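Here is the structure we will look at, set down as structure tokens.
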Amino acid sequence: MKAALIAPKFAIAGRLVVVESLGDGNVNDTFLAVFRTTFSEQRVILQRINRHVFANPEFIMQNMRVLTDHVHKKLELEAHSADRIWQLPQVIPAKDGGDFVVDGEGEYWRAITLIASAHSYGQIQSVEHAYEAGFVLGHFQRVVSDLRVDLLCDTLEGFHITPGYFNALDEALQTSEGRARLESSVEAKRCYAFVEERRAWCSVLEDARERGALEVRTIHGDPKISNIMIDDATGKGTSIVDLDTVKPGLIHYDFGDCMRSCCNPAGEETLDLGRVVFDMDLCAAIIRGYKVHARQFLTDADRKYLYDSIRLIAFELGLRFFADFIAGDVYFKTRYDGHNLNRARVQFKLVDSIEARKTQIQALLDEEFGVASEAPEGSLSQCAETDTATSHSTRR
Ligand code: GN1
Ligand code: MG
């Protein structure tokens, strides 16, 4: 059903003026709806949830309520001492009181508030922008660090469990269509060789979790650069949006995802592979921004896996795109033939670049967070940092 027919079913004052497509999400369909009364205007985000990806859209809204209740309270409590105004979207109920409107075709629609006077970008703009991305992620993870994970549903089973994406690839390669796609180009065969070389390593985070070295906490799930909102007035980060993937997980998934997205100045959709590189200045800026809040909750064991998380989440996204290409583009939305294959090649180029810079990246992490001690894994000692949350402004 059309978004314009759905929008008026939500409890929003005024008359619908316009609905337009927004952003370039790879999974859900997003729209901006503008409502006006004689004296005011309200702009809201309307989304059609991809039911092929999210089997239980109800879980998303349940998590969103738990998360926003927790975070909104906390932001208010901390507002007097915060260095900026933080925002977080709010659920807008349907007129019938529900969280969703389900249309005649069984599609789930939801409405949330728009973050005021802020923008996000598809690609990193500057070192300052990278610092803000790290700062916003660290702040988010800190404010949810005391949110009990057992209150959250698993909205997307297997999300960020890298070995599972290998299973999906193996399954797709069981079919003759899948095998034909693999054989269709030199690039596809190169990608396959690339992932195979890293198959044994890809459970690095899950192994650490199973051993009890890393604990499951509340995560955002998708802190890529286009989900970091920058305040139009101040140029500072003000919010992290796209809360569909908030769920229990490892904070490393978030850290790695933010790094792989923000340290590649070419962006994940580029057609120019030559421009894809893991930029060390951007990496340093993100770590500095992230550290301001993250040092309050990062454990020794957490620090030990930060480099792995950067390499792994870039690799995992490449593997997810590649497996989807082999499966016939059934998960991510695509705009041209071979789109998922190109996206995979971008991520693998980035992985190459990350691997080549391992020593430098690790040195930066050690410098900013301190060298992770050889203390037994699972020890919860926190970073021995002493500088204050405001010192970053002099270090940029
Ligand atoms: C998808 O739908 P979107 O664009 O917010 C994907 C993320 C990927 C991202 C890569 C639920 O996010 O995991 O990192 O594409 N979301 C889901 O751009 O799979
Ligand atoms: Mg997302």
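Numbering of ligands and ligand atoms starts at 1, following listing order. All values below were derived from every heavy atom in this structure, side-chain atoms included, with hydrogens, water molecules and symmetry-related copies excluded. Everything numeric in this text was worked out from a predicted model, so none of it was measured. We number each residue from 1, following the sequence as shown.
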Using only atom types and a distance under 3.5 Å, with no angle test, would you say the side chain of Lys358 pairs donor to acceptor with the backbone of Tyr307?
no
Would a distance-only check, ignoring hydrogens and angles, find a side-chain to backbone donor-acceptor pair under 3.5 Å from Arg345 to Leu341?
no
Is the gap between the ring centers of Tyr331 and His52 under 6.0 Å?
no
Check whether the ring centres of Trp201 and Phe315 lie less than 6.0 Å apart, and answer yes or no.
yes
Just distances here: any N/O of [X] and N/O of ligand 1 closer than 3.5 Å?
X	result
Asp222	yes
Lys224	yes
His160	no
Thr245	no

same_hphob_cluster(Val246, Ile112) at 4.5 Å side-chain heavy-atom cutoff
yes
Less than 4.0 Å between a side-chain N and a carboxylate O, is that true for Glu41 and Arg36?
yes
Looking at Tyr290, does the NZ or CZ of Arg288 lie under 6.0 angstrom from its six-membered ring centre and within 45 degrees of the ring axis?
no
I want to verify a count. Protein N, O or S atoms less than 2.8 Å away from the Mg ion (ligand 2), how many are there?
2
Please work out whether any backbone atom (N, CA, C, O) or any side-chain heavy atom from C-beta onward of Leu317 is under 4.0 Å from ligand 1, and answer side chain, backbone, both or neither.
side chain
Ignoring hydrogens, what is the shortest heavy-atom contact between Val143 and His70? Give both atom names and the distance.
O-NE2, 2.9 Å
Compare every heavy atom of Arg217 with every heavy atom of Val149, then report the nearest pair and how far apart it is.
CG1-C, 3.1 Å
Which of these, Phe321, Tyr331, Phe159, Tyr253, has its nearest heavy atom closest to atom 19 (O) of ligand 1?
Tyr331
Atom indices of ligand 1 within 4.0 angstrom of Arg260 heavy atoms, with elements:
14 (O)
Heavy atom of Leu156 under 4.0 Å from ligand 1?
yes
